[in-house]
Amino acid sequence: MGFLNDLNPQQLEGVIYTQGPLLILAGAGSGKTRVITYRIAYLIGQQGVPPEQILAVTFTNKAAEEMKNRVLELLGDRARKVWISTFHSASVRILRREIQSLGYGQDFAILDTADQIRLVKECARELKINEELYDPKEMARRISELKNRLISPQAYAREAQAFGMEDKLAKVYSYYQSLLKRYNSLDFDDLLMMTVHLFETHPEVLHSYQRRFQHMMIDEYQDTNHAQYRLVRLLGEHGNVCVVGDDDQSIYGFRGADLGNILRFEKDYPQARVIRLEQNYRSTQNILDAAGAVVGKNQKRKAKRLWTQKPKGAHIQVCQVADEEAEAHYIGKTIKQIRVNGKWSYADFAVLYRAHAQSRALEEGLRDEGVPYRIVGGLRFYERKEIKDLLAYLKAIVYPEDDLSFKRILNVPPRGIGSGTVEKLEGYAKARGFSLFQAFTESVSAGLDQMGLTYAQRRGLTNLAGLLEEFKRLAANTSVAELLEIILKKTGYEQILQQEVAERASGEEGRSRLENIRELFSAVRIFEERFNCQDGIMKDETYYKHSVLAAFLDHVTLVTDSDQETQGATSGKGAVLMMTLHGAKGLEFPVVFMAGMEEGLFPHQSALTDTGQMEEERRLCYVGMTRTREMLYMVHVEKRRLYGSVQWNSPSRFIEEIPIELVKEVVWSDRSVRSVDGQSVSKIALSPIDHLPQLQEAGPFKKGIQVKHPVWGIGRVQEAEGQGEDQRVVVHFKTVGPKKLAVKYARLEKVG
DNA sequence: CTGCATCAGATTTTT
DNA sequence: TCTGATGCAG
Ligand SMILES: Nc1ncnc2c1ncn2[C@@H]1O[C@H](COP(=O)(O)OP(=O)(O)OP(=O)(O)O)[C@@H](O)[C@H]1O
């Protein structure tokens, strides 16, 4: 057990304290995740606990993947039997075995967020609710919120007002839930809610899982919501529960995360042991001080100590650029520059931002600069139209009652089945209590004559029925990739896209669709390969035994960041990672760029008026900063395009909250920005040497700071212009009032 | 029923 | 600015 030497005494205690509840409450980079990882290894390797008795829950798939890999490194293959997954994935695995007790079929479909909204819309329409007054999106959001608070439609109907939004919501929620049931489908939030429901109503099932999971560990416990909390309490009744978290890193308030869960832990488990980790192993002193100063501005927080043995390190580079294009080029050029000068490869850099919308400009800039990058998350791959279409075919094959998917493919690609035909089918279904799909099959085999359909409509329906039957037959003994290939050909989907590319001026779109489809193929192949060569535990599940396809569908709905697999395989050389600040949680990078550090963007507009939300934004900033091992760059843009109009932003308050002495400020401009006609000429006009960033140091005296003058004493900077030693400032002195000074001559000093 | 034109709304963050 | 939803003509 040599690996235990990699731990400090507090961490070691967390690892070997394996009986009874344990709370590890500690700041960023203090090795919380490492404790969980080593704890798993210790339980198995040292205490002889069977791997399948361990359940470790993380927050994102990426975090789960990483933890799995680390445990594999420590233990080798026997670690594969440990359940390391997100709450949602774990719930699916449980429900795939047990959901029959709740009256659902084992082969339930899982709706993603878009489907959720689609279904809510359908409900609203059916219930004749005015969609202008009651926005389906808003209702979907609130239903999700209710589910995360474990409030059933019945319970909500009892507490809701009998008019207005609450009344409509109660009706929609109830109808929505009944439709889900009819479609044998669960939405994302149901995965948690139904599992809780299952355990609460079926003690024998609960007991079997309690016995099975003798040891539970939950990472990022500060971000659990109520449903997740209930799951932990139910499964962890035996008390062998180890939770780790940091109240300063709570950033999922918007989806119901409740800090109270972690703060209440000692009350929930009175005999709980609490361990605090105070040594940070990740960041330099400067970064730690800066991040600490920022999060220290929050009123609502538990103070905690965090220290490091690392050197002070570089200053935090704060850089101002003109617009988002310049921002991207600055980042690209700086990466190239310090990669050459230093010891880093592209994979050591991360570009973090508040919202996905920022990624496009950054992406283009990096591409221009020839910097390899990889975007994590974003307009998610599996949410693209063409991908969803194809997946809907697969779903219609695997989930016979999933009308939502069936509806999607009914007329895709166009085959003459329009809204008229769909309505007729729906009427037919309703009259007989059938699902749409049943109605479809029935009416086709009955010859379609009862419904007054035209010849073309009948032909469309009959063709589709024939295709689906064929696909189903093939699905049983063909690989998913082959099946997809056949679907693509036989439905004419591929042909339509190819035609588009060949004929239209707008063939670009079709081309990119075809590319995405090709990417889907490679994702499918990689998945199948892994599945077949016995990697992981998915294969052990009886539900998946008969079907790689079923396993694949669960995989794509749960593991939404697809590029991990496809792109990871192609660009092994390493690439700069781009992702949102939320996505970066739990990860670390030697060099981090935080882009878009501007008021209104970060902190986000909607947080400006709400202290609670503002504190969450600040925590998010803290999370971002503490991802950094050595060099942290914060970039803010003066002028940002938004919906076509321009917005002038001032630097984020979070920048101002960093003690000035930890910061080095820079104003950057790309000398080649524009030629007369407004065309960007940077690539042609510049010789290689010019590609290095043109750094000019901003004067050290910023607006608002206190300064001391040898003669006039203490004053405050009111205006500042120019750069470096050419800076000129207007200082308002206590003794003599305002004075304009040149920094080069006046011997000013910063105070405080 | 399909294809094109016009217009509104979008970007907070995730499973 | 760009995308998608809706409405109208063919
Ligand atoms: N005892 C130790 N000795 C050396 N390095 C350590 C030690 N413990 C942790 N580290 C390193 O410190 C870094 C942070 O660890 P880890 O990710 O476990 O922290 P964390 O508390 O989960 O962080 P965060 O909450 O910020 O995500 C990792 O690079 C890890 O390898």
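By convention in this document, chain letters (A, B, ...) are assigned in the order of the sequence lines, proteins followed by strands, and residues within each chain are numbered from 1.
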Verdict with reasoning, Tyr176(A) to Asp187(A), per side chain to side chain donor-acceptor pair (under 3.5 Å): CA-CA 10 Å; Tyr176(A) 171 81; Asp187(A) 66 20; 2.7 Å; yes

Sugar-phosphate only, base, or nothing, as touched by Arg619(A) at under 4.0 Å among non-hydrogen atoms: nothing

Set of residues satisfying salt bridge (Lys or Arg N to Asp or Glu O under 4.0 Å) with respect to Asp223(A), sequence neighbours excluded: Lys585(A)

Side-chain N,O (Asn411(A)) to OP1/OP2 (dT2(B)) below 4.0 Å: yes

Rounded distance in Å - NZ (Lys585(A)) to C1' (dT14(B)): 10 Å

Minimum side-chain heavy-atom gap Leu179(A)-Cys123(A) below 4.5 Å: yes

Leu192(A) CG - dT15(B) P separation (whole Å): 13 Å

Verdict with supporting geometry, Arg367(A) and Glu363(A), salt bridge (Lys or Arg N to Asp or Glu O under 4.0 Å): CA-CA 6 Å; Arg367(A) 198 184 309 130; Glu363(A) 189 183 358; 3.7 Å; yes

Heavy-atom donor-acceptor pair, Asp190(A) side chain to Met193(A) backbone, under 3.5 Å: no

Interatomic distance where CD belongs to Glu325(A) and P belongs to dT1(C) [whole Å]: 14 Å

Sequence neighbours excluded, every pair satisfying ring pair (Phe, Tyr, Trp, His ring centres under 6.0 Å) that has a member inside residues 404-423 of chain A: Phe406(A)-Phe437(A), Phe406(A)-Phe440(A)

Test salt bridge (Lys or Arg N to Asp or Glu O under 4.0 Å) applied to Lys121(A) - qualifying residues, sequence neighbours left out: none

Sugar-phosphate only, base, or nothing, as touched by Phe59(A) at under 4.0 Å among non-hydrogen atoms: sugar-phosphate

Separation of dT1(C) C1' from Gln647(A) CD (nearest whole Å): 14 Å

C1'-based separation of dG4(C) from dT13(B) [nearest Å]: 23 Å

Touch class at under 4.0 angstrom, heavy-atom based, for Ser645(A) against every strand present: nothing

Between dT14(B) (P) and Gln116(A) (CD): distance, integer Å: 16 Å

Under 3.5 Å donor-acceptor pairs involving side-chain atoms of residues 254-262 of chain A, not counting sequence neighbours:
unit_1: Asp258(A); atom_1: OD1; unit_2: Gly260(A); atom_2: N; d: 2.8
unit_1: Asn261(A); atom_1: OD1; unit_2: Arg264(A); atom_2: NH2; d: 3.4
unit_1: Asn261(A); atom_1: ND2; unit_2: Thr224(A); atom_2: O; d: 3.0
unit_1: Asn261(A); atom_1: ND2; unit_2: Thr224(A); atom_2: OG1; d: 3.2

d(CG, Asp223(A); P, dT14(B)) in whole Å: 12 Å

Every protein N/O within reach of nucleotides 6-13 of chain B N/O, cut-off under 3.5 Å:
unit_1: dT12(B); atom_1: OP2; unit_2: His604(A); atom_2: NE2; d: 2.5
unit_1: dT12(B); atom_1: O2; unit_2: Arg354(A); atom_2: NH1; d: 2.8
unit_1: dT12(B); atom_1: O2; unit_2: Arg354(A); atom_2: NH2; d: 2.4
unit_1: dT13(B); atom_1: OP1; unit_2: His356(A); atom_2: N; d: 2.7
unit_1: dT13(B); atom_1: O4'; unit_2: Arg354(A); atom_2: NH2; d: 3.3
unit_1: dT13(B); atom_1: O2; unit_2: Arg354(A); atom_2: NH2; d: 2.7

Met594(A) side chain reached by Phe602(A) side chain, heavy atoms, under 4.5 Å: yes

All stems with DNA chain C, defined as three or more consecutive Watson-Crick or G-U pairs under 3.5 Å: B:1-10 with C:1-10

Gap between atoms CG and C1', on Leu186(A) and dT15(B) respectively (whole Å): 14 Å

